[in-house]
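Step one of this worksheet: look at the structure below.
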There are 2 protein chains.
Amino acid sequence: MALRYALLGLLAKNEATGYELTQQFKETVIHFWTAHHTQIYRELLKMEEEGLTHSKTVQQSDYPDKKIYTITDKGFAQLLEWMLNKPVNVPKLKDDLLLRVSMFHFIPTERAIDFLEKSKEHHQMGLMMTKKWQEENFPKGTYGENELGEYLTSEFGIRYMESWLSWCNWAIKVLKKKGES
Amino acid sequence: MALRYALLGLLAKNEATGYELTQQFKETVIHFWTAHHTQIYRELLKMEEEGLTHSKTVQQSDYPDKKIYTITDKGFAQLLEWMLNKPVNVPKLKDDLLLRVSMFHFIPTERAIDFLEKSKEHHQMGLMMTKKWQEENFPKGTYGENELGEYLTSEFGIRYMESWLSWCNWAIKVLKKKGES
DNA sequence: TTCTACATGTAATGAGTTACATGATTAC
DNA sequence: GTAATCATGTAACTCATTACATGTAGAA
């Protein structure tokens, strides 16, 4: 159910196509939610059936036609109702790498370090990109009226990746120390 | 597919019942994976059919009968094959609270602060419990042969919650500053 | 010539959630 | 007397993933 509120939240700020919403998921929502484009398109269709959104099709000459979605009053009302009155579910994480880390005692130490080094690269890249995005969108910590949420969650993303990297360095040290003995 | 490797990883350390595996998920695996008991029992049945695990039923007088699962050679081989040769999937997070944070511009500032305060309590409690668990299991950072993984991931959990709390305090400051103006 | 961006979707399968079911014992 | 612990599961449902499908334009 929550995917729909993520989408309504984005639409409450700006009208958008399914494609654009997918891009926004990759850029900003990724810090706390994930969804495939197939899921997004399906949810948008369902929400329109239920009158939470409204769409208009725009013909384009060079590119495929697109469908621009807007949120309806009913949609916004349901979004607020969810935000204020529905219980907050516990967070759910699925981290494939940490799952492997939890079994590092089964594989050679050098191989374990390799996993961590590769994962460091990913997080370093993600951190750089998010920092750049933050500087472009909130120079010197200034944010617009309807950008408060994005400002707070992008900072969360940055801190999360930084903490990840620091843990990773610590874990590599532990492994190297173990490798020596 | 990954749930099965999480279970095989635990069974490779000790034989266990579905119930015990569920408890272990709540205690240690929670830092990087989540699963309901119904899912765990289903997966255990499937794995036994495929010869990855083996079970014996133990009759008990005071308590219900229980089924103790052990990992087979085939199961351990598949676990290693997955660990060393399968691509590492990207981590997936679903955080209901951060989803709400991303829409804080739609609700009153005091209400937003309430959400964060309540969430701080949860993370503080989790942090305390994990620290206590770590001290009991790895006093002064000493871990056993087959405990390396748990040692590394529990430290991840602690750092994650600490970073969460620090972000939370920062976010509350931002909101209070906004509330003043 | 191969990849990426643009743009939207269906169908099949796999994973995860919720509600229900049973029933004794022990701690508050 | 109420809740929690022990212990295992089925059935129905919702949600998420993967593979497939289409087709143009511009950049490397």
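Because only heavy atoms are used, hydrogens play no part in the values below, and waters and symmetry mates are left out as well, while side chains stay in. All figures in this text were calculated on a predicted structure; none of them were measured in a lab. First the proteins, then the strands, lettered A, B, ... as listed; each starts at 1.
C:dG14 atom P lies 13 Å from atom OH of B:Tyr5, rounded to whole Å. Put simply, CZ on A:Arg42 is 12 Å from P on C:dA11, counting in whole angstrom units. In this structure, NE2 of B:His36 is placed 12 Å from C1' of D:dT14, rounded to the nearest angstrom. Taking atom CD of A:Glu20 as the reference point, atom P of C:dG9 lies 14 Å away to the nearest angstrom. One atom, CD1 of B:Ile68, and another, C1' of D:dT8, lie 14 Å apart when rounded to the nearest Å. Per the geometry, CE belonging to B:Met47 stands 13 Å off P belonging to D:dG9, to the nearest Å. One can place CG of A:Asn89 at 12 Å from P of D:dC15, the figure rounded to the nearest angstrom. In this structure, A:Asp65 places its CG atom 17 Å from P of D:dT22, rounding to the nearest Å.
Between A:Tyr19 and C:dC6 there is a side-chain N or O to OP1 or OP2 distance below 4.0 Å. Taking 4.0 angstrom as the limit, A:Lys92 places a side-chain polar atom (N or O) nearer than this to OP1 or OP2 of C:dT17. Contact annotation: A:Tyr41 side-chain N/O to C:dG9 OP1/OP2 distance is not under 4.0 Å.
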Check nucleotides 26-28 of chain C against the protein and report each pair of N or O atoms closer than 3.5 Å, with its distance, or say if there are none.
none

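With salt bridges taken as basic N to acidic carboxylate O contacts below 4.0 Å, one links B:Glu155 and B:Arg159.
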Step by step, would you call B:Thr34 with A:Val90 a side-chain contact (heavy atoms from CB on, under 4.5 Å)?
CA-CA 10 Å; B:Thr34 44; A:Val90 294; over 6 Å; no

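A donor-acceptor pair under 3.5 Å is absent between the side-chain atoms of A:Arg100 and the main chain of A:Ala112, judged by distance alone. The main-chain N or O of A:Phe115 is never found under 3.5 Å from a side-chain atom of A:Ser119 such that the two would form a donor-acceptor pair.
Looking at the side chain of A:Lys94, the nearest of the listed nucleotides D:dT8, C:dG16, D:dG9 is C:dG16. Here C:dA7 is the nucleotide among C:dA15, C:dA7, D:dT8 with the atom lying nearest to any side-chain atom of A:Gln60. When distances are taken from the side chain of B:Gln39 to each of C:dA15, C:dG9, D:dC15, the shortest belongs to C:dA15. The side chain of B:Leu45 lies closest to D:dT10 when the candidates are C:dT10, D:dT10, D:dA16.
For B:His122, the NE2 atom counts as loosely surrounded, since its 6.0 Å shell holds 12 or fewer non-hydrogen atoms of other residues, nucleotides or ligands.
If A:Leu3 and B:Thr38 are placed on DNA chain D by their nearest nucleotide, the residue sitting closer to the 5' end is B:Thr38. Nearer to the 5' terminus of DNA chain C, by closest-nucleotide assignment, is the contact made by A:His37 (compared with the other of B:Ala2 and A:His37).
Looking only at side-chain heavy atoms (C-beta outward), A:Met103 and A:Leu99 come within less than 4.5 Å of each other. No side-chain heavy atom of A:Lys178 sits under 4.5 Å from any side-chain heavy atom of A:His105.
Among the protein residues, A:Thr34 comes within range of no part of the nucleic acid, since none of its heavy atoms lies under 4.0 Å from any strand.
Ring geometry, A:Phe156 versus B:Trp164: the interplanar angle exceeds 60°, so the pair is classed perpendicular (tilted spans 30 to 60°).
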